Amino acid sequence: MATSKFASSTRAIPARDAGPQHVAIIMDGNGRWARKRFLPRVAGHVRGVETVRSIIRCCIERNISHLTLFAFSSENWRRPADEVSFLMQLFMRSLKKEIERIHENNIRFRVIGDLSRFDASLVAMIQDAEALTTGNTRLNLTVAANYGGRWDILQGVRKLVAAAGSDADITEEALEPHLSMAFAPEPDLFIRTGGEKRISNFLLWQLAYTELYFTDTLWPDFGDAAFDEALASYNQRERRFGRTSEQLESNSDSAKGASRA
């Protein structure tokens, strides 16, 4: 049976005063950013790529080990055909242009989602990029493309049944290794830019106990200061995972006592 590198973060008592290890972001607002400037929507997507570079740098500087970006959802195929075509071309150009820099900066690159609808040339480029960076350890950068949270759960169940047979014991522990993000800890912090306050079918299983942060800032304007505001909000949260504040305090005191022993 497949095994997860990480167990669900909802089971262990979390360390207090620890910053996020994994940040997941819905990069929303590119089109509106362009429209406000009387530019075509695609200009916002181009500008958004620059913000991706900035946030990757921010994560490295702030010792965040995992960054997951929602680039293209399974529902985005409903957008105008010319915009979808542009997004596919932008993805290919950006990947071709950035992958060497990503590799040189010791970043591990992955794509999650149903790649069956992508052109063979794009799939090959993704596979080559993943292979090139497979040994990198500085930051785990994951891009969700043609991804949906419901699809993720369904494909995980199918893989579990295929591996264990029709009498598979479908438990959380059995299913988790077959989900798209089995290689990573569950996100600690979820950020959505652009003012919308919903998850939009992104990492439905993995976001069960993630701290949610919504901002009106449009993605192309989401710079270092805006990112630090999100981190500051996270650091003010108390992550209990169903426990009481007293339990967390007791665990913290025990850990301090053990460290002094």
Side-chain angles (χ1 to χ4, degrees), residues 5-6 9 12 14-30 33 44-72 90-91 93-112 126 129-130 132-145 147 181 183-195 202-203 206-207 209-239:
K5 182 177 180 182
F6 295 96
S9 62
R16 303 194 75 172
D17 304 321
Q21 182 182 6
H22 185 176
V23 176
I25 304 178
I26 292 182
M27 306 175 291
D28 200 7
N30 290 335
W33 181 91
H45 296 306
V46 172
R47 178 63 180 83
V49 172
E50 298 179 22
T51 304
V52 170
R53 296 191 195 104
S54 173
I55 295 305
I56 289 173
R57 175 183 50 77
C58 283
C59 287
I60 291 174
E61 291 175 352
R62 291 152 182 76
N63 297 315
I64 294 168
S65 62
H66 291 75
L67 172 65
T68 301
L69 303 174
F70 203 6
F72 191 84
L90 180 62
F91 190 8
R93 291 200 305 271
S94 299
L95 185 55
K96 186 175 182 179
K97 180 180 179 181
E98 301 292 337
I99 193 57
E100 287 297 334
R101 184 184 306 177
I102 287 172
H103 182 48
E104 290 170 1
N105 282 280
N106 195 23
I107 297 170
R108 175 80 181 267
F109 175 81
R110 292 182 178 90
V111 174
I112 60 170
I126 290 170
E130 290 179 333
L132 175 66
T133 63
T134 189
N136 295 343
T137 58
R138 192 177 190 185
L139 173 70
N140 287 272
L141 171 63
T142 303
V143 174
Y147 173 90
M181 295 292 294
F183 57 84
E186 293 172 357
D188 301 296
L189 172 64
F190 163 88
I191 299 170
R192 180 166 187 159
T193 62
F202 182 41
L203 299 178
Q206 296 85 354
L207 292 179
Y209 270 89
T210 299
E211 299 300 321
L212 308 181
Y213 179 85
F214 301 97
T215 174
D216 290 334
T217 303
L218 303 176
W219 177 248
D221 293 327
F222 192 76
D224 296 26
F227 188 62
D228 283 336
E229 286 183 17
L231 297 182
S233 174
Y234 173 86
N235 289 332
Q236 294 172 2
R237 315 280 181 95
E238 183 179 68
R239 307 191 72 200

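What you see is a predicted model; the values in this text were computed from it and never measured.
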Within the 4.5 Å heavy-atom criterion, are L189 and R237 side-chain neighbours or not? no

Do the side chains of T193 and L218 get nearer than 4.5 Å, heavy atoms only? no

To the nearest 0.5 Å, atom NE2 of H103 lies from atom CZ of F109 at 13.5 Å

side-chain contact (heavy atoms from CB on, under 4.5 Å) between I126 and F91: does it pass, once the steps are laid out? CA-CA 10 Å; I126 290 170; F91 190 8; 4.2 Å; yes

Inter-residue atom distance I112.CD1 - L69.CG, 0.5 Å rounding: 10.0 Å

What I'd like to find out is whether the side chain of R57 reaches to under 4.5 Å of the side chain of E61, using heavy atoms alone. yes

Holding to ring-ring contact (aromatic ring centres under 6.0 Å, His included), I want the full list of residues that pass it with Y234, two or more places apart in sequence or in another chain. none

Side-chain touch I102/N136, heavy atoms, less than 4.5 angstrom: no

Do D188 and I64 have side-chain heavy atoms sitting under 4.5 Å apart? no

What is the distance from atom CZ of R110 to atom CG of L141, rounded to the nearest 0.5 Å? 10.0 Å

Supply the atom-to-atom distance L95 CG to E100 CD, rounded to the nearest 0.5 angstrom. 10.5 Å

Is there a side-chain contact between W33 and T51 in this structure, where contact means two heavy atoms from C-beta onward sitting under 4.5 Å apart? no

On a heavy-atom basis, the closest approach of L90 and V46 is CD2-N, 4.1 Å

Would you name the heavy atoms of T210 and P187 that are closest together and state the gap between them? OG1-O, 2.6 Å

Rounded distance (nearest 0.5 Å) linking atom OG1 of T68 with atom CD1 of I26: 12.0 Å

Mind checking the CZ-CD1 spacing from F222 to I25? Nearest 0.5 Å is all I need. 5.5 Å

Compare every heavy atom of E186 with every heavy atom of H22, then report the nearest pair and how far apart it is. ND1-C, 3.8 Å

Considering all heavy atoms of both residues, which atom of V111 and which atom of A145 are nearest to each other, and what is their separation? CG1-CB, 4.1 Å

Less than 4.5 Å apart, side chain to side chain, heavy atoms only: is that true for E229 and Y213? yes

For residues N140 and S65, is any side-chain donor paired with an opposing acceptor at under 3.5 Å? no

What orientation do F202 and Y147 show, parallel under 30°, tilted 30 to 60°, or perpendicular over 60°? perpendicular

Considering only NZ, NE, NH1 and NH2 on the basic side and carboxylate oxygens on the acidic side, decide whether E50 and R53 come within less than 4.0 Å. no

Kindly indicate, with the supporting measurements, whether the criterion salt bridge (charged side-chain N to carboxylate O under 4.0 Å, His left out) is fulfilled by R101 and E104. CA-CA 5 Å; R101 184 184 306 177; E104 290 170 1; over 6 Å; no

For residues G19 and N235, report the shortest heavy-atom separation together with the two atoms involved. CA-OD1, 3.9 Å

Below 4.5 Å, heavy atoms only, C-beta onward: do E130 and T134 meet side chain to side chain? no

Run the side-chain contact (heavy atoms from CB on, under 4.5 Å) check on I107 and I60 step by step: do they pass? CA-CA 9 Å; I107 297 170; I60 291 174; 3.9 Å; yes

How close do P20 and L231 get, heavy atom to heavy atom, and via which atoms? CG-CD2, 3.7 Å

